[in-house]
Protein chains: 4
Amino acid sequence: MTATTGRRVHADTRREQFLDAALELFSERGFDATSMKDLAEATGSAPGLAYHYFGSKSELLAAVLAERSFFPKLRAMLTDLPDRPAALVLGELAERFDAMLSEREPMVRLVAHEAQTDGQIRAELQRRIDDGAGFVARYLESRVALGELRPHDSMTAARAIFFTLVTFHLTGTPAGDAPQSLVKLVLEGIAVRADQE
Amino acid sequence: MTATTGRRVHADTRREQFLDAALELFSERGFDATSMKDLAEATGSAPGLAYHYFGSKSELLAAVLAERSFFPKLRAMLTDLPDRPAALVLGELAERFDAMLSEREPMVRLVAHEAQTDGQIRAELQRRIDDGAGFVARYLESRVALGELRPHDSMTAARAIFFTLVTFHLTGTPAGDAPQSLVKLVLEGIAVRADQE
Amino acid sequence: MTATTGRRVHADTRREQFLDAALELFSERGFDATSMKDLAEATGSAPGLAYHYFGSKSELLAAVLAERSFFPKLRAMLTDLPDRPAALVLGELAERFDAMLSEREPMVRLVAHEAQTDGQIRAELQRRIDDGAGFVARYLESRVALGELRPHDSMTAARAIFFTLVTFHLTGTPAGDAPQSLVKLVLEGIAVRADQE
Amino acid sequence: MTATTGRRVHADTRREQFLDAALELFSERGFDATSMKDLAEATGSAPGLAYHYFGSKSELLAAVLAERSFFPKLRAMLTDLPDRPAALVLGELAERFDAMLSEREPMVRLVAHEAQTDGQIRAELQRRIDDGAGFVARYLESRVALGELRPHDSMTAARAIFFTLVTFHLTGTPAGDAPQSLVKLVLEGIAVRADQE
DNA sequence: TATGAATGAGCATTCATTCAT
DNA sequence: TATGAATGAATGCTCATTCAT
């Protein structure tokens with residue numbers, strides 16, 4: 001017998017329902033344009049119930065942001081990047097990041113939306129992105145040390161991959177093989193090489 | 001100059017005041033979080049006056065988006081890219097685009113914000129971006145034809161530059177020499193070249 | 001042509017209507033038990049209009065307390081008490097105070113009600129009462145100096161008159177000739193006098 | 001002592017806890033401004049429990065008024081006033097009444113508060129006060145019969161003592177030696193006596 | 001006896017919008 | 001052109017109360 005049985009399970013379920021409904025509605029319409037009544041209807045509950053679980057609408061947003069965040073997943077994706085060729089590692093990373101953006105589109109859109117008007121959210125977003133880009137940058141530098149890559153501005157390279165893919169999604173630009181194409185671009189560049197002339 | 005012209009000038013001034021105030025407040029707080037009363041206060045006018053110039057709050061937003069858009073400027077920036085080396089042209093382009101993002105930050109932020117919840121705005125944004133990227137892509141292809149650049153996915157290359165710079169601004173990431181660093185990345189890539197091995 | 005014509009008169013009238021309706025309803029039902037909707041109905045206006053004139057429900061209460069106060073009238077009643085016999089002066093004062101309590105019953109009741117749960121209102125009430133009692137006490141002392149009254153605790157005497165009459169009203173005890181009876185009590189006492197024994 | 005008794009005791013304790021908490025909170029904030037949730041927190045119980053003991057919030061107020069009333073104590077204080085000099089009896093009575101007002105301040109304040117907006121409570125309050133004043137008046141008349149006091153309006157004399165002391169407490173006016181001073185005032189009056197002239 | 005999830009009506013307040021002046 | 005009083009619907013939130021457990 002676990003700690004969560006009977007009522008408790010139901011209560012937890014309710015809470016999750018609110019988080020799910022809030023993520024969906026907030027991302028579709030925006031936080032301000034979503035009313036608590038909308039959320040009540042989406043969860044099939046009475047107008048006041050959300051306040052049983054969340055202190056206010058803002059706290060509900062904070063809970064959604066905290067408990068439905070994709071940053072933990074992103075971080076897991078970036079920890080211990082394998083000790084293998086950049087073409088392979090970056091290619092796979094770009095694909096997986098792109099897949100995550102598709103899968104978590106509502107949250108991506110919600111964060112992008114709120115970050116424009118909420119300085120605090122924007123600051124935290126930037127911090128987490130830098131954190132993520134840092135992992136990739138360190139990986140790139142390890143490949144430079146091995147002589148596989150040339151010395152370069154690794155943070156800008158890492159950001160270029162992430163930022164470009166995110167913007168594909170936020171603008172709704174069809175991605176096609178963007179991840180692979182982008183990685184190829186970053187690795188090889190577009191200029192004619194000295195040895196080719 | 002007649003009295004009518006005088007009034008007309010005044011009227012135009014008022015209208016511009018509303019557009020300016022709306023751009024500022026909408027971008028800072030978001031469209032929903034800005035009240036018509038806020039706009040009246042910001043322009044030093046009575047609550048009802050905005051309705052003499054704009055049919056509704058939504059129409060005011062549409063007018064701001066149309067009349068304060070940076071797309072004409074962007075387009076001008078991209079038309080007739082000079083017939084000169086890519087390193088030079090792309091470098092200057094990246095710098096100027098970056099400068100425009102700084103200068104027009106409120107509008108950039110407003111568009112980024114509204115595009116998340118308004119499919120129509122998002123669609124138009126995407127269309128205009130593609131339009132702009134198309135110019136750059138055609139330029140790049142002209143340099144491929146000249147043998148200066150290798151054949152490559154030119155739309156992805158163009159987007160990578162724009163998307164990365166935009167995201168620097170939207171997230172508030174300090175840009176530093178990002179434009180130049182980015183252009184260098186795109187031109188040369190990061191992989192060790194065959195001739196260097 | 002005065003400063004207040006047309007709309008302005010109407011606006012001022014509205015404000016007075018709200019003050020009057022608020023005084024009536026707040027005193028009958030209590031502040032908390034009166035809804036803004038009640039006030040809208042009582043003034044024949046829409047639910048939001050009160051906020052055009054008062055920042056909040058609390059500010060409306062404050063405005064009622066300030067602008068419908070009976071303290072100015074009380075103070076006027078007590079300033080320059082005539083230089084005449086105490087029996088006459090106190091008698092007339094008690095009658096007039098009693099009449100004012102009847103006439104301003106709603107405000108008296110409102111203040112008595114709110115003072116029980118609002119320390120700030122209570123403190124101000126006490127201050128104003130002391131102020132009023134002070135006038136009477138000084139008058140009484142002037143009569144002591146003339147040899148008309150015996151030395152006594154003049155603040156307690158003053159308060160006894162005011163407090164007793166107020167409580168008659170607040171409890172709804174039929175007053176009858178309470179004012180005169182009270183003044184007689186205070187002047188002569190009830191004990192058998194030395195000269196009567 | 002059986003388990004049932006044990007439970008019963010517990011139940012009584014709970015009930016008393018609610019009465020105590022309600023008296024405290026109702027008198028501090030007012031009935032309307034106190035929520036059942038406040039009461040649940042103050043008693044360390046769940047929101048629904050109060051309804052096992054009291055049918056509604058109003059019934060809880062009624063129970064507090066009935067079961068924490070100071071009127072029985074007042075009545076006991078007034079029954080069989082001793083057959084001794086008025087100076088002594090009234091002095092002690094005023095002191096004891098004043099002490100009771102201090103000790104039972106929350107209830108005094110609660111009754112004063114609710115009486116302003118509840119005609120029924122006000123009527124009962126008035127009835128009980130008259131009842132109490134009647135005892136004192138009868139005592140005073142007995143002293144008149146003995147020739148200790150002069151014939152006078154004994155109800156007004158009785159009320160003057162009670163009403164004045166109550167108002168000292170409700171307004172928060174520092175009492176000092178008000179009870180004794182007041183009794184002296186009532187007995188002797190303030191006018192110069194014939195025999196002193 | 002006791003819990004706390006759930007309800008649904010109601011509250012203070014805001015707001016886009018209208019319109020007489 | 002400009003004002004600002006007025007509207008009425010909607011919003012976030014609270015609360016007394018109920019009831020399955």
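Because only heavy atoms are used, hydrogens play no part in the values below, and waters and symmetry mates are left out as well, while side chains stay in. Letters A, B, ... mirror the listed sequences (proteins, then strands); counts begin at 1. Keep in mind it's a predicted model, so treat the numbers as computed, not measured.
Judged by closest nucleotide on DNA chain F, A:Ser58 is the one of A:Ser58 and D:Ser35 placed further toward the 5' end. Residue-to-nucleotide proximity on DNA chain F shows that, of A:Gly55 and B:Gly44, the 5′-proximal contact is made by B:Gly44.
If you measure from atom NZ of A:Lys57 to atom P of F:dG12, you get 4 Å, rounded to the nearest angstrom. The separation between D:Leu49 atom CG and F:dA16 atom C1' is 15 Å, rounded to whole Å. Per the geometry, CZ belonging to C:Arg14 stands 14 Å off C1' belonging to E:dA20, to the nearest Å. Residue B:Phe31 contributes atom CZ, which lies 12 Å from atom C1' of E:dC15 at whole-angstrom precision. The nearest whole Å value for the distance from the OH atom in D:Tyr51 to the C1' atom in E:dT1 is 17 Å. Atom CG in A:Asp32 sits roughly 13 Å away from atom C1' in E:dC15 (whole-Å rounding). A:Arg29 places its CZ atom 14 Å from the P atom of F:dA10, with the value rounded to the nearest Å.
When each of A:Arg128, A:Arg122, A:Gln120 is tested with A:Glu124 by the rule side chain to side chain donor-acceptor pair (under 3.5 Å), just one qualifies, namely A:Arg128.
Residue contacts shown for B:Thr34 are limited to sugar-phosphate atoms, with no base heavy atom under 4.0 Å away. Within the 4.0 angstrom heavy-atom criterion, only backbone atoms of the sugar-phosphate kind lie near A:Tyr53; the bases stay farther away.
The existence of a salt bridge linking B:Arg68 and B:Glu16 is confirmed by a sub-4.0 Å separation between a basic side-chain nitrogen and an acidic carboxylate oxygen.
The nearest pair of heavy atoms linking A:Ala112 to B:Gln116 is CB-CD, 4.1 Å. Between C:Tyr51 and C:Met36, the shortest heavy-atom distance links the atoms OH-CG, 3.5 Å. Between D:Thr43 and D:Arg14, the shortest heavy-atom contact is O-NH1, 3.2 Å. Taking each heavy atom of C:Gly30 and C:His113 in turn, the nearest pair found is CA-CE1, 4.0 Å.
Of the candidate nucleotides E:dA5, E:dT13, E:dT17, E:dT17 has the atom lying nearest to any side-chain atom of B:Ser56. Distances from the side chain of B:His52 to the nucleotides F:dT1, F:dG4, E:dA12 place F:dT1 closest. When each of F:dT3, E:dT13, F:dA16 is scored by its nearest atom to the side-chain atoms of B:Ala46, the top-ranked nucleotide is F:dT3.
Taking the six-membered ring where the residue is Trp, A:Phe18 and A:Tyr53 present tilted rings, their angle falling between 30° and 60°.
Taken together, the paired segments of DNA chain F that extend over three or more consecutive Watson-Crick or G-U pairs, each closer than 3.5 Å at both contacts, are E:2-21 with F:2-21.
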